[in-house]
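Proteins get letters first, then strands, A, B, ... in listed order; numbering begins at 1 in each. Just the heavy atoms: all of them, side chains too, but no hydrogens, waters or symmetry mates, feed the values below.
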Amino acid sequence: MIRLRGVSVSLRPFEEIVTEYGPVVLRVCRAVVGPADAEDAWSETFLAAMKAYPRLPDDARVEAWLVTIAHRKAIDVARAGARRPIAVPEVPEPAASSGGSQQQPAPEWERDGELWDALKALPQRQRAAVAYHYLAGLPYKEIAAVTGGSTDAARRAAADGIKSLRRRLAHHTEERGEEP
Amino acid sequence: MTTQPGDKSEAARRTGPALAPAHGTGTGTGAGLDPFAALPATDAAAHERLHARLAESAEREGLLDVAYRTLETPVGPLLLAATERGLVRVAYGVQDHDAVLADLADRVSPRVLLAPARLAQAVRQIEEYFEGRRTRFELALDLRLAKGFRREVITHLPDIGYGRTESYAQVAAAAGSPRAVRAVGTACATNPLPVVVPCHRVVRSDGSAGGYAGGAEAKRTLLNLEAAA
């Protein structure tokens with residue numbers, strides 16, 4: 001390994017990055033691109049991250065770095081998804097399909113679909129800001145660096161997004177006749 | 001949880017909902033709820049599936065610089081690691097697998113991933129060895145972790161046949177440096193591929209087993225296994 005600086009702190013095995021940040025990146029992907037495309041987005045993100053990993057600066061914030069990659073991959077995956085004829089995630093698979101990583105039985109939260117319905121209704125910018133702030137824990141300044149625009153704009157997008165998301169979810173809850 | 005989303009130390013460890021209660025514009029119905037409550041903080045089945053998919057794509061894309069797995073054996077759990085060239089590291093539990101992986105990240109590449117597929121052949125042969133059905137290993141080895149004289153010693157060790165032993169002095173002579181007895185001891189102690197490269201067959205001139213990276217008991221177990229076969 002070539003060290004450009006004399007006192008370089010060595011990078012941890014990439015496996016530790018996958019273990020530590022894999023779950024939060026999956027939550028972010030599920031919130032940003034939805035259940036159907038989340039696992040593709042996660043896979044593309046970690047493959048790209050693994051490729052770039054040896055050049056990651058010692059002092060880099062790993063969450064922000066992964067979210068930056070995930071943001072780009074989410075855009076790619078969503079575009080690819082938009083070109084598909086029609087996604088029908090509502091129809092459950094009757095029996096376990098034979099092989100194929102694409103067709104997994106949907107977890108409970110996906111079948112419910114309520115959260116994704118509410119997220120999907122948000123403008124993409126708000127959905128991203130909400131996920132990066134509330135799920136990945138990024139400060140607004142870092143979100144602005146990821147999505148472009150100012151720190152204030154990122155703060156507004158997250159605030160408007162979370163407000164709208166709560167309203168929609170509360171509405172759903174009332175429709176079911178439950179106490180919120 | 002009252003953690004602010006920007007808190008660096010907390011953000012890394014957090015797996016649960018990241019909502020600061022007083023944050024932002026919570027007014028109206030349901031303001032106190034975590035909207036992401038429906039999203040599982042961890043999803044073990046999905047993580048396992050995605051990890052396997054990552055290992056597979058990384059191998060295909062030539063990004064899997066170091067693949068590893070562990071294997072339960074009569075001498076405890078062994079860590080096995082391989083580069084694209086071959087088996088690069090075998091380590092005993094007492095050598096601290098996490099420390100060994102950190103060392104591989106440092107000396108070989110930080111692209112280190114739990115990826116059992118590349119170790120399949122090594123696993124099969126090591127299992128056969130411990131069952132007494134294999135007397136020599138036929139595996140591609142990557143000796144990059146052994147340098148200079150140590151590497152010469154390591155390269156010579158497979159010449160000591162199964163069930164036989166040599167003294168440190170004999171190995172030194174065979175490596176062309178009869179006075180380097182102590183250096184042979186160091187080479188054996190730092191053998192990156194114990195079990196597969198049989199440093200356990202190097203013993204003291206008085207016939208006692210001598211030291212071993214995996215501990216004296218592991219060395220005795222291997223010597224007894226080979227003596228019995």
Asker: Strictly less than 4.5 Å between heavy atoms, which residues of residues 54-80 of chain B line up against chain A? Please order them by number.
Answerer: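 So the qualifying residues are B/L54, B/S57, B/A58, B/E61, B/L63, B/L64, B/Y68.
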Asker: Run the side-chain contact (heavy atoms from CB on, under 4.5 Å) test against A/A49 and tell me which residues pass, sequence neighbours left out.
Answerer: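 side-chain contact (heavy atoms from CB on, under 4.5 Å) list for A/A49, sorted by chain: A/F14, A/W65, A/L66, A/I69.
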Asker: Sequence neighbours left out, what passes salt bridge (Lys or Arg N to Asp or Glu O under 4.0 Å) with B/R201? Give chain and number order.
Answerer: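 B/E226.
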Asker: Answer whether the closest heavy-atom distance between the side chains of B/R111 and A/P54 falls below 4.5 Å.
Answerer: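 Touching, per the 4.5 Å side-chain cut-off.
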Asker: Between A/E15 (side chain only) and B/V112 (backbone N and O only), is there a donor and an acceptor less than 3.5 Å apart?
Answerer: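 Not confirmed, A/E15 side chain does not pair with B/V112 backbone.
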Asker: For A/S43, enumerate each residue passing the side-chain contact (heavy atoms from CB on, under 4.5 Å) test, keeping only those at least two apart in sequence or located in another chain.
Answerer: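 Checked A/S43 against side-chain contact (heavy atoms from CB on, under 4.5 Å); matches are B/L50, B/R53.
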Asker: Please check if the number of heavy atoms outside B/E138 that lie under 6.0 Å from its CD is greater than 12.
Answerer: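 For B/E138, atom CD is crowded (more than 12 foreign heavy atoms under 6.0 Å).
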Asker: So, B/D43 and A/R30, do they make that salt bridge, N to O below 4.0 Å?
Answerer: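 Counted as a salt bridge, because a side-chain N and a carboxylate O are separated by less than 4.0 Å.
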Asker: Nearest 0.5 angstrom please: B/L101 CG to A/E16 CD, how far?
Answerer: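 B/L101 atom CG to A/E16 atom CD measures 8.0 Å (nearest 0.5 Å).
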Asker: Between atom CG of A/L135 and atom CG of B/D34, what is the distance when rounded to the nearest 0.5 Å?
Answerer: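 With rounding to 0.5 Å, CG (A/L135) is 8.0 Å from CG (B/D34).
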Asker: Starting at CG of A/L119, measure out to CZ of B/F36 and round the result to the nearest 0.5 Å.
Answerer: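 Taking CG in A/L119 and CZ in B/F36, the distance rounds to 5.5 Å.
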Asker: Is chain B contacted by the side chain of A/L165, its backbone, both, or neither, given a heavy-atom distance below 4.5 Å?
Answerer: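 For A/L165, side-chain heavy atoms alone lie under 4.5 Å from chain B.
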Asker: Is any side-chain heavy atom of A/M50 closer than 4.5 Å to one of B/L113?
Answerer: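 Yes, side chains in contact.
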Asker: Taking all non-hydrogen atoms of both residues into account, name the closest pair between A/P23 and B/A41 and its distance.
Answerer: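 Where A/P23 meets B/A41 most closely, the heavy atoms are CB-O, 3.6 Å.
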Asker: Show the nearest heavy-atom pair for residues A/V18 and B/H47, with the distance to one decimal.
Answerer: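 Scanning both residues completely, I find the closest heavy atoms to be O-CE1, 3.4 Å.
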Asker: Does B/E217 CD have over 12 foreign heavy atoms under 6.0 Å away?
Answerer: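 Incorrect, the count does not exceed 12.
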Asker: Heavy atoms only: give me the nearest A/E39-B/A46 pair and the separation to one decimal.
Answerer: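 The answer is OE2-CB, 3.8 Å.
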Asker: Distance from B/L39 atom CG to A/R27 atom CZ, nearest 0.5 Å?
Answerer: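 Result: 5.5 Å between the selected atoms.
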